[in-house]
Amino acid sequence: MKKGLIIVYTGSGKGKTTAALGLALRSLGHNHNVCMVQFIKGSWHYGEMTSANLLKPRFELIAGGRGFVGIIDDNKPVVEHKQIAQQTINICKKKMLSKKYNTIILDEINYAVNINLIKLDDVIDIIKLKPFEQNLVLTGNYARSEIIELADLVTEMKEIKHPFKKGIKAKEGIDF
Ligand code: ATP
Ligand code: MG
């Protein structure tokens, strides 16, 4: 079976982006090329943004966002977030059509739909572009039913406990 899979990591529990990164690490061990394109992220430094350099040139990570939208430290106009999200969609399409990658990960794309940065139809268009053998991973909470319908593998991260609920702030190496 050479057909690539459509994989969705969604749900409110922690582990969606880290699951996608784990999959990338596994795939790189087979000499695959992997590209992760991140929506929303771009203002904070996450460890993977630096570790991506250690895995060059077969792992590529593109942070195509401006950071949190309407929460925490954000005071940018929504239109700015929307503009960059549109550009990020174009990057995704270009990367997919290059056929250079065995696996493409679109990080936080489900959440970007949920907060109306991008349209559901944009994501469906992207999914339709998937080259036959390429694997496509879509992360982010609130994955739409239409996307779940198109996927081959869907995992919902379910929160049982999260240290944040005890007031423990985001930890280096674990949360970012
Ligand atoms: P991670 O990137 O750690 O795998 P995630 O992709 O599942 O997390 P996101 O929704 O992308 O989760 O959240 C990004 C940030 O919010 C991360 O720092 C993460 O640890 C934190 N986070 C994730 N789930 C929760 C939760 N249920 N409560 C509080 N913070 C959370
Ligand atoms: Mg995430």
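Please read these numbers as outputs of a predicted model, since none were measured by experiment. Positions are given from 1 along the sequence. Remember, it's 1-based here, ligands and their atoms both numbered in the order they're listed.
Of the protein's non-hydrogen atoms, Asp175 OD1, 3.7 Å is the one closest to atom 19 (C) of ligand 1. Nearest to atom 3 (O) of ligand 1 among the protein's heavy atoms is Lys14 NZ, 2.3 Å. Distance from atom 2 (O) of ligand 1 to its nearest protein heavy atom, with residue and atom name: Thr17 CB, 3.3 Å. Nearest protein heavy-atom neighbour of atom 31 (C) of ligand 1: His162 NE2, 3.1 Å.
Under the 4.0 angstrom criterion, atom 25 (C) of ligand 1 counts as having a protein heavy-atom contact. Within a 4.0 Å radius of atom 13 (O) of ligand 1, the protein contributes no heavy atom. Protein heavy atoms all stay at least 4.0 Å away from atom 16 (O) of ligand 1.
Contact annotation: the side chain of Leu138 approaches that of Val123 to within less than 4.5 Å [non-hydrogen atoms, C-beta and beyond]. The shortest distance between side-chain heavy atoms of Lys41 and Glu108 falls below 4.5 Å.
Under the 4.0 angstrom criterion for non-hydrogen atoms, Ala170 is not in contact with ligand 1. Met157 does not count as a contact of ligand 1, since none of its heavy atoms falls under 4.0 Å from the ligand.
By the 30° and 60° cut-offs, the orientation of the rings of Phe164 relative to His162 is perpendicular.
Without hydrogens or angle criteria, Asn135 side chain to Leu5 main chain gives a donor-acceptor distance under 3.5 Å. The closest donor-acceptor contact from the side chain of Lys94 to the backbone of Ser98 lies at 3.5 Å or more, if one exists at all. In this structure, the side chain of Asp122 does not engage the main chain of Ile118 through any donor-acceptor pair within 3.5 Å. A side-chain donor-acceptor contact under 3.5 Å links Thr10 to the backbone of Gly140.
Ile6 and Met36 fall into different hydrophobic clusters, where Ile, Leu, Val, Met, Phe, Trp and Tyr side chains are chained together by heavy-atom contacts under 4.5 Å.
A 6.0 Å sphere centred on CZ of Phe176 holds more than 12 heavy atoms belonging to other residues, nucleotides or ligands.
Under a 4.0 Å criterion applied to the non-hydrogen atoms of Gly13, ligand 1 contributes the atoms 7 (O). For ligand 1 and Thr18, the ligand atoms under 4.0 Å from any heavy atom of the residue are 4 (O). Here is the list of ligand 1 atoms found below 4.0 Å of a heavy atom in Gly15: 4 (O), 5 (P), 7 (O), 8 (O). If you number the atoms of ligand 1 from 1 as listed, the ones under 4.0 Å from a heavy atom of Glu159 come out as 26 (C), 27 (N). Residue contact check: Phe164 has heavy atoms under 4.0 Å from atoms 29 (C) of ligand 1. With ligand atoms numbered from 1 in the order given, ligand 1 contributes 9 (P), 11 (O) to contacts under 4.0 Å with heavy atoms of Glu108.
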Next on the checklist: Between Ile104 and Val137, does the side chain to side chain contact (heavy atoms under 4.5 Å, CB included) criterion hold? Intermediate values first, please.
Outcome noted: CA-CA 6 Å; Ile104 303 244; Val137 183; over 6 Å; no
Next on the checklist: With side-chain hydrogen bond (donor to acceptor under 3.5 Å, both in side chains) as the criterion, how do Asn141 and Ser12 come out once you've worked through the C-alpha distance, each side chain's angles and the decisive distance to 0.1 Å?
Outcome noted: CA-CA 6 Å; Asn141 199 8; Ser12 63; 5.0 Å; no
Checklist entry - Between His81 and Asp74, is a side-chain hydrogen bond (donor to acceptor under 3.5 Å, both in side chains) present by the stated rule, with each step listed? => result CA-CA 10 Å; His81 288 290; Asp74 181 45; 3.1 Å; yes
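In this structure, the separation between CZ on Arg144 and CD1 on Ile109 is 12.0 Å, given to the nearest 0.5 Å.
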Solution key, residues 54-63 side-chain donor-acceptor pairs under 3.5 Å, sequence neighbours excluded:
from	atom 1	to	atom 2	distance (Å)
Arg58	NH1	Leu28	O	3.1
Arg58	NH1	His32	O	2.8
Glu60	OE1	Tyr101	OH	2.5
Glu60	OE2	Lys95	NZ	2.7

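Annotation: Lys41 places no N or O atom under 3.5 Å from an N or O atom of ligand 1; distance criterion only.
The distance cut-off of 2.8 Å around the Mg ion (ligand 2) captures these protein N, O or S atoms, sorted by chain and number: Thr17 OG1, Glu108 OE2.
Only the backbone of Ser12 comes within 4.0 Å of ligand 1, counting heavy atoms alone; no side-chain atom from C-beta on gets that close.
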